[in-house]
4 protein chains.
Amino acid sequence: MPKVGMEPVRREQLIKATIESVAELGLQGTTINSISKKAGLSSGIISHYFGGKQGLIEATVRYLLSSLKYSLMAQVTDTTSPQQRLMYIVEANFALVQQRNDTTRTWLSFWAQSMHDPELHRLQNVNSKRLYSNLASSFRQLMSVEHAKLAAQLSAAMIDGLWLRAVLSQSDKDQFKHSEQLAKQYVRSLISQYGA
Amino acid sequence: MPKVGMEPVRREQLIKATIESVAELGLQGTTINSISKKAGLSSGIISHYFGGKQGLIEATVRYLLSSLKYSLMAQVTDTTSPQQRLMYIVEANFALVQQRNDTTRTWLSFWAQSMHDPELHRLQNVNSKRLYSNLASSFRQLMSVEHAKLAAQLSAAMIDGLWLRAVLSQSDKDQFKHSEQLAKQYVRSLISQYGA
Amino acid sequence: MPKVGMEPVRREQLIKATIESVAELGLQGTTINSISKKAGLSSGIISHYFGGKQGLIEATVRYLLSSLKYSLMAQVTDTTSPQQRLMYIVEANFALVQQRNDTTRTWLSFWAQSMHDPELHRLQNVNSKRLYSNLASSFRQLMSVEHAKLAAQLSAAMIDGLWLRAVLSQSDKDQFKHSEQLAKQYVRSLISQYGA
Amino acid sequence: MPKVGMEPVRREQLIKATIESVAELGLQGTTINSISKKAGLSSGIISHYFGGKQGLIEATVRYLLSSLKYSLMAQVTDTTSPQQRLMYIVEANFALVQQRNDTTRTWLSFWAQSMHDPELHRLQNVNSKRLYSNLASSFRQLMSVEHAKLAAQLSAAMIDGLWLRAVLSQSDKDQFKHSEQLAKQYVRSLISQYGA
DNA sequence: TATGAATGAGTCTTCATTCAT
DNA sequence: AATGAATGAAGACTCATTCAT
């Protein structure tokens with residue numbers, strides 16, 4: 001019997017390598033070879049575990065999305081206050097960046113590609129909606145439905161906008177940290193503006 | 001019988017075709033053929049006028065940036081009030097979208113690619129800085145330097161964030177219009193918050 | 001303007017090279033490279049003119065089928081007697097072999113593949129039916145409908161069988177010529193057996 | 001706990017799976033995986049028992065040839081009349097088809113490939129010669145040497161031709177049965193034509 | 001005895017570039 | 001000024017083979 005239980009190991013290995021490769025070379029510049037070389041594996045293994053390049057790309061996006069999701073869930077409990085919860089949401093959206101700078105660049109590449117790829121678009125949509133509804137439900141506990149919706153929309157845009165500008169200007173971690181602070185401050189200002 | 005003065009005509013023809021092709025197929029899916037077919041010209045002409053695909057891509061980005069620039073300059077005069085000027089800046093950033101829906105998708109594709117392409121990154125940077133300094137200099141006439149810097153940063157992020165979310169959710173013109181309104185409103189709130 | 005009118009030249013060049021390659025290496029062993037090398041052209045040209053390997057394969061089969069068809073039509077006129085016509089049919093089916101030994105081997109490769117390829121199967125069917133109906137209509141002028149049908153079926157099988165055994169035993173031209181004589185003799189014996 | 005005596009079981013399992021796979025997918029479409037999956041075994045076992053794909057292919061052809069051989073030998077005894085023996089030969093050549101429709105398609109695939117594979121060609125040749133000499137020796141008991149040779153050649157061609165046309169037109173069992181009848185009738189007519 | 005993970009050479013296809021006209 | 005035929009490097013994918021277990 002050959003080594004067993006390698007599947008999860010290999011899958012993670014390849015997904016990590018994909019994130020690195022896309023961060024470094026872009027989605028366009030990322031090839032089956034650039035990935036497999038980074039993973040220290042052969043090119044054939046990608047088809048073996050993911051059915052092809054497209055499958056690996058999609059698995060990578062799903063991986064990033066769950067990372068974001070669990071990153072938030074890890075902090076929030078039943079007793080978390082709405083204000084605290086909102087802060088955690090902001091943090092989670094900037095957090096991945098802080099552990100791995102790769103992630104952000106990769107993320108934006110996928111976003112851009114999502115305009116031309118139905119499956120990526122679906123996944124991107126799920127993520128975008130989740131950010132919005134996480135924000136909206138927390139705001140709701142502090143203000144009227146209408147105001148909560150508005151606050152969610154505005155803070156989602158502010159988070160994405162700050163994040164986007166930080167990515168594109170190739171910011172370092174401190175600048176990301178600064179952007180995170182601005183986002184939190186903006187959320188607080190929305191609470192004091194619309195809060196009961 | 002060589003036609004003279006065809007150069008500017010051909011260049012514009014090809015740039016327009018590039019915008020359309022990138023909007024429709026993505027930067028990845030855009031080929032020398034998809035462009036030349038849309039332009040109703042042969043593929044060889046791209047090398048002839050732009051030296052190659054890369055040259056055409058860069059020319060297209062420059063074209064989009066000047067469009068944005070002139071779109072703003074057309075409205076602003078010496079007597080425009082700072083408040084009005086700020087509104088024009090917001091409008092200009094949402095304006096291209098309203099004339100041609102293509103443009104937005106194309107723009108985001110270029111942005112993502114700019115992370116991996118020095119020349120595109122340089123151009124993207126110029127644009128990002130210009131938005132910031134346009135905003136900052138207008139805010140400056142209404143508030144302290146420090147506040148103006150902050151307001152410029154925040155409103156730039158808000159504009160980009162609203163715009164990004166609108167693009168990615170494949171919004172229609174009405175939704176873009178709505179985003180534009182939110183951006184303007186936010187700029188106004190920054191003025192009343194920090195304004196003397 | 002580039003060289004014009006190259007298309008028919010290139011197409012024929014590539015089809016000829018395909019016949020040679022399949023004869024030499026088999027359908028399995030024939031690659032885009034083995035063909036383009038034989039044709040003295042680049043591999044990309046195949047996609048350019050035939051859309052891909054499959055397109056070239058099908059064009060080659062169609063070419064062989066028309067060769068067979070025109071080979072027969074060239075000899076038959078309105079005044080050809082039924083007997084003579086039958087001899088021409090037999091000859092045509094052995095003729096291609098005599099001009100180009102390649103053809104036979106290629107043909108059998110395509111036949112075998114036709115079991116697993118709908119388009120090839122369709123083409124092979126057209127050919128098989130044409131041989132049968134050519135034979136049947138000529139026999140019909142010499143005997144009853146029922147006898148003509150039987151004679152057509154039997155002589156078609158005899159032609160194919162002799163031809164197949166000659167191909168598989170890697171016969172030379174003399175042996176093919178001998179097989180052709182046996183086929184003709186068999187057709188004559190059918191005429192004298194069932195003829196009025 | 002190694003099971004002993006598995007070898008013949010596995011070999012037959014794999015040969016049967018090969019016949020099925022080639023019938024279904026063609027020789028070209030048959031892979032080590034398509035075979036091992038059909039056999040319910042792993043891909044590695046093919047190398048283990050046959051040294052590789054080629055070895056399994058050849059073993060399969062040999063299996064088919066012995067089937068044909070034993071199919072004939074089972075019926076013929078010392079007291080079988082030449083006429084009856086000839087009928088058995090025809091029957092044997094159509095018989096495999098009737099038990100397993102797969103076989104015919106597989107057979108033709110191997111035949112075509114035999115033009116480009118020395119070992120398959122050798123095997124095919126043995127088979128072709130055996131059909132001929134079986135026929136010739138039986139005919140010899142009923143006619144002169146020369147006539148017997150001719151009759152053997154013609155009836156071998158007729159058998160193969162009828163069989164080939166039946167395979168390629170994807171005939172059902174009834175049509176195969178009909179072809180068998182025609183072949184027998186032809187053999188009888190040769191006997192009455194040349195028989196003393 | 002049997003597995004199936006892993007490899008990497010080989011195939012088809014795409015596409016930016018070149019260049020004769 | 002403009003064409004598009006032709007190239008060939010580079011990409012994704014397939015698959016027979018190997019081998020540790």
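Reminder, nothing fancy here: chain letters follow the sequence lines and each chain counts from 1. Note: hydrogens, waters and symmetry copies are ignored here, and every other heavy atom, side chains too, is used.
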Nucleotide F:dT14, atom C1' - distance to CD of C:Gln28 in whole Å | 13 Å
Thinking salt bridges, do A:Lys16 and A:Glu12 make one under a 4.0 Å N-O criterion?
-> yes
Counterpart residues, side-chain hydrogen bond (donor to acceptor under 3.5 Å, both in side chains), relative to D:Gln13 (two or more places apart) = D:Arg10
Can you tell me which residue pairs pass the salt bridge (Lys or Arg N to Asp or Glu O under 4.0 Å) test with a partner in residues 26-36 of chain B, sequence neighbours excluded?
-> none
With sequence neighbours excluded, tell me which residues meet side chain to side chain contact (heavy atoms under 4.5 Å, CB included) with A:Leu25.
-> A:Ser21, A:Thr30, A:Ser34
Once you round it to whole Å, what is the distance between P of F:dT3 and CD of C:Glu7?
-> 19 Å
Taking CD1 from D:Ile32 and C1' from E:dT3, how many angstroms apart are they, rounded to a whole number?
-> 15 Å
Please list residues of residues 40-57 of chain A whose heavy atoms come under 4.0 Å from any atom in DNA chain E, ordered by number; otherwise none.
-> A:Leu41, A:Ser42, A:Gly44, A:Ile45, A:His48, A:Tyr49
Stems in DNA chain F, runs of 3 or more consecutive Watson-Crick or G-U wobble pairs with both distances under 3.5 Å, sorted by first number, are E:2-21 with F:2-21
Starting from C1' on F:dC19, measure out to CE on A:Met6 and report it in whole angstrom.
-> 14 Å
Here the distance between atom C1' of E:dT17 and atom CD1 of B:Ile35, to the nearest Å, is 14 Å
Nearest heavy-atom approach of C:Ser109 to D:Met115 is OG-CE, 3.6 Å
Side-chain N,O (D:Arg10) to OP1/OP2 (E:dA2) below 4.0 Å | yes
In whole angstrom, give the distance that lies between atom CG of C:Leu25 and atom P of E:dT11.
-> 10 Å
Output every pair passing salt bridge (Lys or Arg N to Asp or Glu O under 4.0 Å) with a member in residues 44-54 of chain B, not counting sequence neighbours, ordered by first then second residue.
-> none
Taking the side chain as every heavy atom from C-beta outward, state whether D:Leu123 and D:Ser114 have any atom pair closer than 4.5 Å.
-> no
Spacing between A:Asn33 atom CG and E:dA9 atom P, to the nearest angstrom | 11 Å
Run the side-chain donor-acceptor check on residues 54-64 of chain C: report pairs under 3.5 Å with partners two or more places apart or on a different chain.
from	atom 1	to	atom 2	distance (Å)
C:Gln54	NE2	C:Glu58	OE2	2.9
C:Gln54	NE2	C:Asp117	OD2	2.8
C:Thr60	OG1	C:Leu56	O	2.7
C:Arg62	NH2	C:Glu119	OE2	3.0

Taking NZ from B:Lys37 and P from F:dG4, how many angstroms apart are they, rounded to a whole number?
-> 11 Å
Going by atom type alone, with no hydrogens or angles, which donor-acceptor pairs under 3.5 Å involve a side-chain atom of residues 37-50 of chain D and a protein atom two or more places apart or on another chain?
from	atom 1	to	atom 2	distance (Å)
D:Lys38	NZ	D:Glu24	OE1	2.7

